[in-house]
Protein chains: 2
Amino acid sequence: MGKGEETRRAIIDQALELASTVGLEKLTIGALAGTTGMSKSGLFAHFRSKEQLQLQVLAEARQRFIEMVIAPAMQKPRGEARLRSIFESAMKQWEEDLPGGCIFHAVSAELDDQPGPARDYLVETQRDYADTLRRAAEIAVEEGEFRKDVDLDQFVFELGSITAAYHHFGRLLGDPEAEQRARKMFEGLLARSH
Amino acid sequence: MGKGEETRRAIIDQALELASTVGLEKLTIGALAGTTGMSKSGLFAHFRSKEQLQLQVLAEARQRFIEMVIAPAMQKPRGEARLRSIFESAMKQWEEDLPGGCIFHAVSAELDDQPGPARDYLVETQRDYADTLRRAAEIAVEEGEFRKDVDLDQFVFELGSITAAYHHFGRLLGDPEAEQRARKMFEGLLARSH
DNA sequence: TGACGGCACGAACGGTCGTACTATTATCAG
DNA sequence: CTGATAATAGTACGACCGTTCGTGCCGTCA
């Protein structure tokens, strides 16, 4: 790995931390230069536009999510165990990895009315994730762990709602029991699917 | 109502539309001056800082929410009917009133790691709303419509999760069935509380 | 040793941001 | 109708934005 690639990754690391708290728009070249100790122009040269920087930040976040959440789950047994693994890893990652919590949640509201490549990439990522969840639930049905009449899309919707609420109540409103509530809700959703 | 107050309200109207789509930070004095046909300085004089403008926007949104969602529900019979009224009105308002959907949802992720008066006001508003929902559910228990062992805080958490997911799947991912899914989830939550 | 390519730098550009002052115009009570 | 006052416009400011450009450092290899 050349020197350039090395610093580029270091920049993206910092950028992820910053973006998870302040969002993609306020992820500023100048601020990023400050935290990395580089000059604005030196940093900018690694990405040739701010849009590229944003896209690479999202790509890195996606890759980390796959590595830390999806990949371990795929090693688990098919079906419910895999779903539980995804849920647990996701909750853990959002708490520990980034200071501002799940970056996808942080930028979702920011990009939902802002057309462009960043939004497109985010939507693709989220659709991809939804498909993964759907497939995992489908397997649980095939394995006989879930009832045959489980509405898979509805299941994904409700599963997604848990994490959204976890962020809203935990991060914004500061409810210390949000994690416990999310877990309880998850157990309820699984129980209803049996 | 003097002329000043009249234009101030007109400005806030425009500001709400703008903020619901682009957020509170990108709700810019210059852009707002453009859409209202005023000069930057003339508009700025009505609020003496951007922070004041943001707070007044949030206050107006809160008042509208109370008028269009909470107040009508309070005319309804106590208990489940009131909860249904709140849910239905909330879904309707977010669809129709503002182009960017529920402004509270739009700014929640933006402010959740950004201390200041705007965040404080938003948190207060959301806590207030959560209390209202909790109280309505409590009444449903007292009236015998809900089981006595319903966990009220958990109920509020799950109710909140529905609207959060509605925005995520409907607005960001563009799922046309998001509204129907939210309704189905709501019915499920009520049924489990009976 | 000397040329070269990859990296990072400082300076500067045009623009937009929020905000402060001053001047001008519109409103409204006496 | 008039004069006080409120409302708006004009202009300027310093800060920061993304971006461009020219320059120099430094390791690699001929």
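Using a 4.0 Å cut-off between a side-chain N of Lys or Arg and a carboxylate O of Asp or Glu, A:Lys92 and A:Glu96 do not qualify as a salt bridge. A salt bridge does not link B:Glu177 to B:Arg183: none of the charged nitrogens lies less than 4.0 Å from a carboxylate oxygen. A salt bridge links B:Glu5 to B:Arg8: at least one charged side-chain nitrogen sits closer than 4.0 Å to a carboxylate oxygen. In summary, B:Glu124 and B:Arg62 engage in a salt bridge, as defined by a charged side-chain N under 4.0 Å from a carboxylate O. The pair A:Asp112-A:Arg119 fails the salt-bridge criterion, with no side-chain N (NZ, NE, NH1 or NH2) lying under 4.0 Å from an Asp/Glu carboxylate O. The pair A:Arg64-A:Asp13 meets the salt-bridge criterion, since a charged nitrogen lies less than 4.0 angstrom from a carboxylate oxygen. Taking the charged nitrogens against the carboxylate oxygens, B:Glu138 and B:Arg135 do have a contact shorter than 4.0 Å, which makes a salt bridge.
Remark: A:Ser49, A:Lys50 in residues 48-60 of chain A come within less than 4.0 Å of DNA chain D through at least one heavy atom. Near DNA chain C, defined here as any heavy-atom distance below 4.0 Å, there are no residues from residues 21-30 of chain A.
Among residues at least two apart or in separate chains, ring pair (Phe, Tyr, Trp, His ring centres under 6.0 Å) pairs with a member in residues 64-93 of chain B are B:Phe65-B:Tyr129, B:Phe87-B:Phe186.
A ring-centre distance under 6.0 Å is found for B:His167 and B:Trp94.
Surrounding NZ of B:Lys50 are more than 12 heavy atoms belonging to other residues, nucleotides or ligands, all under 6.0 Å away.
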ask   = Where does DNA chain D pair, written as one dot-bracket string 5' to 3', with Watson-Crick or G-U pairs under 3.5 Å, ( ) inside the strand, [ ] for crossing pairs and | for another strand?
value = ||||||||||||||||||||||||||||||
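Between the P atom of D:dA6 and the CD atom of B:Glu6 lies a distance of 17 Å, rounded to the nearest Å.
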Sub-3.5 Å pairs of nitrogen or oxygen atoms, protein against nucleotides 8-13 of chain C:
| unit_1 | atom_1 | unit_2 | atom_2 | d |
| --- | --- | --- | --- | --- |
| C:dA8 | OP1 | A:Thr7 | OG1 | 3.3 |
| C:dA8 | OP2 | A:His46 | NE2 | 2.3 |
| C:dC9 | OP2 | A:Ser39 | N | 2.8 |
| C:dC9 | OP2 | A:Ser39 | OG | 2.9 |
| C:dC9 | O5' | A:Ser39 | OG | 3.4 |
| C:dG10 | N7 | A:Ser41 | OG | 3.0 |
| C:dG10 | O6 | A:Ser41 | OG | 2.5 |

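Looking only at atom types and distance, the side chain of B:Gln56 has no donor-acceptor partner in the side chain of B:His46 under 3.5 Å away.
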Under 3.5 Å, which donor-acceptor pairs do the side chains of residues 27-36 of chain B form with other protein atoms, sequence neighbours left out?
| unit_1 | atom_1 | unit_2 | atom_2 | d |
| --- | --- | --- | --- | --- |
| B:Thr35 | OG1 | B:Gln14 | OE1 | 3.4 |
| B:Thr35 | OG1 | B:Leu32 | O | 3.2 |
| B:Thr36 | OG1 | B:Leu32 | O | 2.8 |
| B:Thr36 | OG1 | B:Ala33 | O | 3.3 |

